[in-house]
A.B. asks: 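Provided herewith is a single structure, encoded as C-alpha cells, for subsequent inquiry.
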Number of protein chains: 2
Amino acid sequence: MKIHCSKTALMEGINIVQTAVASKTTSSFLEGILVEAEETLKLTGFNLEIGIKSTVEADIIERGSLVLPSRLFSDIVRTLPDADIALTAAKNFEVQIDAEGSFFSIRGITAEGYPLLPQVDQGIQFVLPQNILKDMIKKTAFAVGLDQHRVILTGCLIESTGNELNMVAIDGYRVAWWKSFLEKGTVPMKVVIPGKSLSELQKILSSSDEPIRANMSKNYITFNTDKYMFLSRILEGEYLAYKSLIPTEFSTTVRFETARMLESVERACLVTGEDKKMQIHISVASDRMVITAHSDNGNYKDMISVEQEGNDIEIMFNPKFVQDALRAIQDEEKAKICFNSNVHPCVIKPDEGDSFFYMILPLRV
Amino acid sequence: MKIHCSKTALMEGINIVQTAVASKTTSSFLEGILVEAEETLKLTGFNLEIGIKSTVEADIIERGSLVLPSRLFSDIVRTLPDADIALTAAKNFEVQIDAEGSFFSIRGITAEGYPLLPQVDQGIQFVLPQNILKDMIKKTAFAVGLDQHRVILTGCLIESTGNELNMVAIDGYRVAWWKSFLEKGTVPMKVVIPGKSLSELQKILSSSDEPIRANMSKNYITFNTDKYMFLSRILEGEYLAYKSLIPTEFSTTVRFETARMLESVERACLVTGEDKKMQIHISVASDRMVITAHSDNGNYKDMISVEQEGNDIEIMFNPKFVQDALRAIQDEEKAKICFNSNVHPCVIKPDEGDSFFYMILPLRV
C-alpha cells in the first residue's frame, strides 16, 4: 500500500472515524482504524454499536489495506507539519509515515480480522439538511431513558408522515419532541435509533444545510455525506404513542425570559445537587414566579417577573429536568411554561413557533 | 456579621484563596473558606502546606467571622447576577446571600476551630515585580525533584547576592537556572521553597510589573500584594552548590529554531511514550541534526537544519527532559544546545542572553 495525501484531509478523516473506535476492549482490531486504499482512501472505526467510514482525498499509488492503532496514528498525524504526507506499508504491516523530513514507522496488523460493517440494503431513504438533523438531536437526545429494562426508550424516535417530521425522546418522566414541516418531504417512515449513537452523530454533523442521506434496512441505519458514512443499530419494538401524551389545553400559561429563568434554575441546582430525589418548588401568582429549593446544603429563593395568563399555580419538579429543557431552548429569547394543575404534566416551549417542546411530569408532594 | 460587596470583588477574592483550600480531608475547617469581617473583609484558605489570605473591598456593616463550605460558596457567588451582594450571618452561622432578588442561605461553622496561619515576623524582606517572579517560577519549578528522600530538591532555591537574583531547580538529572541582574537589588538571602507552593503562587501572580513583597522568617515565607498574602513553608537543609555543576566551556555549540526542534522532540515523545527509560538519540554533523527514537510503538526520525560550531556529536537523552527545557524557552525564536561529549552534561539556552538555561545529563548507552 502506498498513498499520498494532505495532512489536513487525513486528520479530518481520522477525527471523523475516531468516535466510533472502541477504547477499552481486548481486540486490537476494534481499537484500531481500518485503512483501505482502493479507488479512494477509506478509514473505518467500528465499536460494534456504531461504525463510521470516512473518505479521504488521496493519490493511491499502490492499493492495500491494514489496521493501525487509532490513538498513536491520530497523535502522529496531528503533530506532523502541515504538508503532504506519504503513507507506505510493507508486507509485514510496518507503515512508514513521511512528511517534510519527519519520518515515523509504526506497526499495523492485517485487515483480515477486522469485522465487516453490516450491509445496509437500499431500503427506505430520506434526505435532510445537516443543520436540521443536528438541531433535532441536540434538542431531544438528552431526554432518552437510561433504563435498560425499557430498551426502546433509550432511543429517539424519528417519524415522518411525509411532510411532517418528528423526533421524540421519552424517559418516563419527560418528553422532548421536535417537529417540523419540511418543504421537501420524506417518505413516511418510523425508526428508533439509540440516543448514544445520535449524540455521536451530532458531533460530526456540520452546521451548514448540506444534505445528509439516511438509508434504512431492518436492523441498521446509515447516514451518508460526501465525506463519511455513519452506521448505527436500530432499536426493535413498538414506541410509545407519544402524541396522545401531550396535553394541548392549559389553564395557566406563563411567559418568561429564557436566560433569566435558566440562570435561576441553575442556581437552584447548586442547592439541590445531583440527588434525583431533590425538587424545586415553583409558584406563580400576580405576574411573579417564585422559585425555591431546600436541601441539607442550604436554601434558595428567587423571584422572576413573568407574564401570567390564567390561574395561579404551585408545583414541584425535578430541577434537572427543568434545567435540561431550558438549556435546549436557550437560543430563544422568550419561552413559556403551561400548566393545568400541580399533578398534571406541564409543557415548556419557545414563546413563538411549535417546532419543539418539552413535557415534564411534576413531582407529587 | 453583615457585609455588602460587589460580586466581581468577592469572586476574585474567592478564586485567589481557593487554591489553598484542602480538597480531601476529614476537616470541615480545612475544606472551608474563613470569612472575616473586621476593618476589611478577608477570606482565607489554608491546607497546612500553603495558606492564602485575600482582601476584598466591602462595606462592613456588622463585624464577625465564620467558615463557609468552599465549593458551594464559590459556585453560588459565580452564578449570582453581576450586582451588589449582601452577606448576612445569623448567630447559628446560617448565612444569607442576597443579590437582586436571588436569595441563598447556606450553613457555615464557627471560625473558632479554624487553624491559625503561622505568623511571619518582619525578617528578611525583598520586593520583585510580579511578572518577573511569575517568569522565574514558570522557567524552573517544573524541574524540581520528586524524590521524597531528598526533600531539599523538591524545592526551588531563590538566592540573591544583592543585584544578582537566581532561581534554581535540580532533580538529580537536570538543572533549571534562572538568573538576572536587578537594577533595584534585594538584600542578600537564600531560601528553598517547595516547587508545589511556587506553582500555586504562579497561578495567582499577575503578568504586570506591579510589585510583590516577600517576607521571611525561619520556617515560613509570605508573598504580599494589595490583594492577598500567600504563605508557604520553607524547606530546611543545605542546597546543592549549583554554580559548580554547570560547565562553561563547550566543544560543540548547535543553534536551532526553537519551535522546529520542540515540535520534533514532541513527535519523538509520541513514540517513546511516558516510559522514563526511553531515550532519544541526537546526532549532529555537517550543520544537520538528526533526531531518532525507537520503541515497541514504532520508530521516529527527523532531520533539522542547524548552525553547528565545533565537533560532531552523537548523544542520548531522556526525551521528556529535552521537551521540558524547550517548552520553557519556546518564546525565544532561536536557542542553542552546547555539548562537550556524550557523557558530559549539555546545556540548552536561548541563543541570546544569559537569563536562564538548562543543564541535562545525557543517558549512557
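Predicted, not measured: the structure shown is a model, and the values here were computed from it. Just the heavy atoms: all of them, side chains too, but no hydrogens, waters or symmetry mates, feed the values below. Lettering follows sequence order; numbering is per chain, from 1.
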A.B. asks: Does NZ belonging to A:K7 count more than 12 external heavy atoms closer than 6.0 Å?
C.D. replies: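 Yes, enclosed.
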A.B. asks: Under 6.0 Å from the CD atom of B:E31, do we count more than 12 heavy atoms belonging to anything else shown?
C.D. replies: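 Enclosed: over 12 neighbouring heavy atoms sit under 6.0 Å from CD of B:E31.
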A.B. asks: What distance separates A:N299 CG from B:I97 CD1, expressed to the nearest 0.5 Å?
C.D. replies: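 Rounded to the nearest 0.5 Å, the CG-CD1 separation comes out at 11.5 Å.
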A.B. asks: I'd like to know whether NZ of A:K336 has more than 12 heavy-atom contacts from other residues, nucleotides or ligands below 6.0 angstrom.
C.D. replies: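 Yes.
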A.B. asks: Enter the distance from B:R107:CZ to A:D296:CG here, rounded to the nearest 0.5 Å.
C.D. replies: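 It is 7.0 Å, given to the nearest 0.5 Å.
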A.B. asks: So with a 6.0 Å cut-off around CZ of B:R288, is the heavy-atom count from everything else above 12?
C.D. replies: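 12 or below, so no.
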A.B. asks: Donor-acceptor pair, A:R267 side chain versus B:T79 backbone, under 3.5 Å?
C.D. replies: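 Yes; judged by distance alone, with no hydrogens or angles, the pair exists.
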A.B. asks: Give me the atom names and distance for the closest heavy-atom approach of A:G101 to B:D302.
C.D. replies: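 Between these two residues, the closest heavy atoms are O-OD1, 3.4 Å.
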A.B. asks: What's the separation between atom CG in A:L270 and atom CZ in B:F104, rounded to the nearest 0.5 Å?
C.D. replies: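 Spacing of CG (A:L270) from CZ (B:F104) equals 5.0 Å.
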A.B. asks: Is it true that atom NZ of A:K2 has more than 12 heavy atoms of other residues, nucleotides or ligands lying nearer than 6.0 Å?
C.D. replies: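 Not buried by this count: 12 neighbours or fewer within 6.0 Å.
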A.B. asks: Could you have a look at B:P69, B:A268, B:S295, B:P81 and say which one has the most heavy-atom pairs with chain A under 4.5 angstrom?
C.D. replies: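 Highest number of pairs under 4.5 Å: B:P81.
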A.B. asks: Would you compute the distance between atom CZ of A:F103 and atom CE of B:M303 and round it to the nearest 0.5 angstrom?
C.D. replies: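 Output value for this atom pair is 9.5 Å.
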A.B. asks: Does atom CD of B:E266 have more than 12 heavy-atom neighbours, drawn from other residues, nucleotides or ligands, at distances under 6.0 Å?
C.D. replies: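 Enclosed.
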A.B. asks: Ignoring hydrogens, what is the shortest heavy-atom contact between B:R260 and A:E100? Give both atom names and the distance.
C.D. replies: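 In terms of heavy atoms, the two residues are closest at NH2-O, 4.4 Å.
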A.B. asks: What's the spacing between B:Y300 OH and A:S102 OG if we round to 0.5 Å?
C.D. replies: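 Between atom OH of B:Y300 and atom OG of A:S102 there are 4.0 Å.
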A.B. asks: Name the region of B:L72, side chain, backbone, both or neither, that has any atom closer than 4.5 Å to a heavy atom of chain A.
C.D. replies: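 For B:L72, the contact with chain A is made by the side chain alone.
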A.B. asks: Less than 4.5 Å to any heavy atom of chain B: does that hold for the side chain of A:E94, its backbone, both, or neither?
C.D. replies: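 For A:E94, the side chain is the part near chain B, not the backbone.
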